[in-house]
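To start, the structure under review is shown below, and the notes come after it.
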Amino acid sequence: MPPEPSDLAPLVTGWFRTNARDLPWRRPGFPAWGTLVSEFMLQQTQVSRVIPRLEEWLGRWPTPADLAAEPPAEAVRAWGRLGYPRRALWLHAAATQIAERHDGIVPSDVDQLLALTGIGAYTARAVAVFAYGDRHPVVDTNTRRVIARSVRGQGEPGPPNAKADLPAMAALLPESRSEAAVFNAGLMEIGAVVCTARAPRCEECPLREVCAWRAAGYPAYDGPVKTKQKQFAGSDRQVRGIIMAELRSTHRSLTDEELRALWPDGEQFDRALAGLVADRLAVRVDGGYALPHD
DNA sequence: TAAACGTGGCC
DNA sequence: TGGCCAAGTTT
């Protein structure tokens, strides 16, 4: 028998209160700006790699206005090797928009958050909930997986579904604002440390007694096959990364010859560099290329 | 809608 | 060791 929605919340919140990891963004008094920065950094990136960059970032730019006052190049440099450097550009753009449109205050309204560059359905609600304590469903890869298993009895969540995922999480949310916030964080935490994609630790799971997947005998996933990641070695992505690392390493512009020496396949190099320029991660300056200055 | 987008951790 | 996965968003 699948769990009633009301069954989950007390198990999740009770477990979270004693098992939550001690993470920077959970410290008392952590600023909304810090939450926003952390959520940008956490997109597709592991917690352990984010923490050191986050601390540096907030030490250097304690408010959105501080970041907005710098050229985008500095944001991209400070991003370092976190990956997906367009996120650094987006975060800089969002900081500028917050400074200009919101008096430098990170908004709590989901629609205003969604209007900021680089903020989508997940990040907007994560900020509203974790920074401001508002009541919204927060849906990420962790909560989708925990719901698929514990509620629907399926091993994997299947592809994201904008129409279904938010209502599915909303149906589980406690009425109380503060309980809802803890529930959001708790369900994510269960997915991150217990109900993991591979080798879930079901014996330690607070939902084990109500889990529909467990009750059904852990049936194998039989839904749509997910598109698999392409090989990174030799990809355009790798070339882009190599070029960006070189651009980050210096404050002067680099000549076409200097950059071209980084990769043997000239045609692929051209494609990668053109892509970076199109994405505004690199700009043409006095006969060479550099990170973007406003 | 699906593909593109970095880098590293983990088994 | 190679493939899957990671607090997603954009086009």
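Below, read A as the first sequence line, B as the second, and so on, with proteins coming before strands; counting in each chain starts at 1. Quick note: numbers below take in every heavy atom, side chains included, and nothing from hydrogens, waters or symmetry partners.
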Could you tell me the separation between the [atom1] atom of [X] and the [atom2] atom of [N], rounded to a whole number of Å?
X: A/Phe130; N: C/dA7; atom1: CZ; atom2: P; value: 12 Å
X: A/Lys226; N: C/dC5; atom1: NZ; atom2: C1'; value: 8 Å
X: A/Ile243; N: B/dC5; atom1: CD1; atom2: C1'; value: 14 Å
X: A/Leu114; N: C/dT10; atom1: CG; atom2: C1'; value: 13 Å
X: A/Arg248; N: B/dG6; atom1: CZ; atom2: C1'; value: 9 Å
X: A/Gln231; N: C/dC4; atom1: CD; atom2: C1'; value: 12 Å
X: A/Ile51; N: C/dA7; atom1: CD1; atom2: P; value: 12 Å
X: A/Leu42; N: C/dT9; atom1: CG; atom2: P; value: 12 Å

Students often get this wrong, so: under 4.0 angstrom with heavy atoms, is [X] touching a base, only sugar-phosphate, or nothing?
X: A/Thr196; answer: nothing
X: A/Arg21; answer: base
X: A/Gly83; answer: base
X: A/Arg49; answer: base
X: A/Pro85; answer: sugar-phosphate
X: A/Ala199; answer: nothing
X: A/Leu23; answer: base
X: A/Trp79; answer: nothing
X: A/Leu82; answer: base
X: A/Phe40; answer: nothing
X: A/Arg53; answer: nothing
X: A/Ser38; answer: nothing
X: A/Gln229; answer: base
X: A/Arg144; answer: nothing

A side-chain contact here means heavy atoms from C-beta on lying under 4.5 Å apart; do [X] and [Y] qualify?
X: A/Tyr289; Y: A/Ile243; answer: no
X: A/Val110; Y: A/Arg125; answer: yes
X: A/Trp263; Y: A/Leu273; answer: no
X: A/Leu82; Y: A/Met41; answer: yes
X: A/Arg21; Y: A/Arg26; answer: yes

Check whether any side-chain N or O of [X] sits under 4.0 Å from OP1 or OP2 of [N], and answer yes or no.
X: A/Thr141; N: C/dA6; answer: yes
X: A/Gln44; N: C/dG8; answer: yes
X: A/Lys228; N: C/dC4; answer: no
X: A/Arg86; N: B/dT7; answer: no

Candidate nucleotides [options], ranked by approach to the side chain of [X] - the nearest:
X: A/Phe232; options: B/dT7, B/dG8, C/dA7; answer: B/dT7
X: A/Arg81; options: B/dG8, C/dA6, B/dG6; answer: B/dG8
X: A/Gln46; options: B/dC5, B/dG8, C/dG8; answer: B/dG8
X: A/Arg240; options: B/dC5, C/dA7, B/dT7; answer: B/dC5
X: A/Thr45; options: B/dG6, C/dA6, C/dT9; answer: B/dG6

Any residue of residues 61-68 of chain A with a heavy atom less than 4.0 Å from an atom of DNA chain C =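 Contacting residues: none.
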request  = Kindly say whether, by distance alone, the side chain of A/Arg198 makes a donor-acceptor pair under 3.5 Å with the base of C/dC4?
outcome  =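 Indeed, a donor on one side and an acceptor on the other fall under 3.5 Å apart.
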ask   = Has the side chain of A/Arg260 got a donor or acceptor atom that lies under 3.5 Å from a matching backbone atom of A/Phe269?
value =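 Checking the backbone N and O of A/Phe269 against the side chain of A/Arg260, no donor-acceptor pair under 3.5 Å is found.
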ask   = Short question: side chain of A/Asp103, backbone of A/Ile105 - any donor-acceptor pair under 3.5 Å?
value =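 It does not hold such a pair.
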query = For residues A/Gln43 and A/Tyr122, is any side-chain donor paired with an opposing acceptor at under 3.5 Å?
reply =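 Not at all, the side chains of A/Gln43 and A/Tyr122 share no donor-acceptor pair under 3.5 Å.
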ask   = Rounding to the closest angstrom, what is the interatomic distance between B/dG6 and C/dT11 at atom P?
value =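 One P to the other, the span is 14 Å.
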ask   = Given the P atoms of B/dC5 and C/dA7, what is the spacing between them in whole Å?
value =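 Looking at atom P only, B/dC5 and C/dA7 are 22 Å apart.
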key: Check ion pair A/Arg77-A/Glu70 (N to O, under 4.0 angstrom)   =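 Salt bridge: no.
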ask   = Say you draw a straight line from CZ of A/Phe183 to OG1 of A/Thr13; how long is it, rounded to the nearest 0.5 Å?
value =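 Taking CZ in A/Phe183 and OG1 in A/Thr13, the distance rounds to 8.5 Å.
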request  = Assign each of A/Pro159 and A/Asp236 to its nearest nucleotide of DNA chain B by heavy atoms, then name whichever residue's nucleotide is nearer the 5' end.
outcome  =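 Residue closer to the 5' terminus by nearest nucleotide: A/Pro159.
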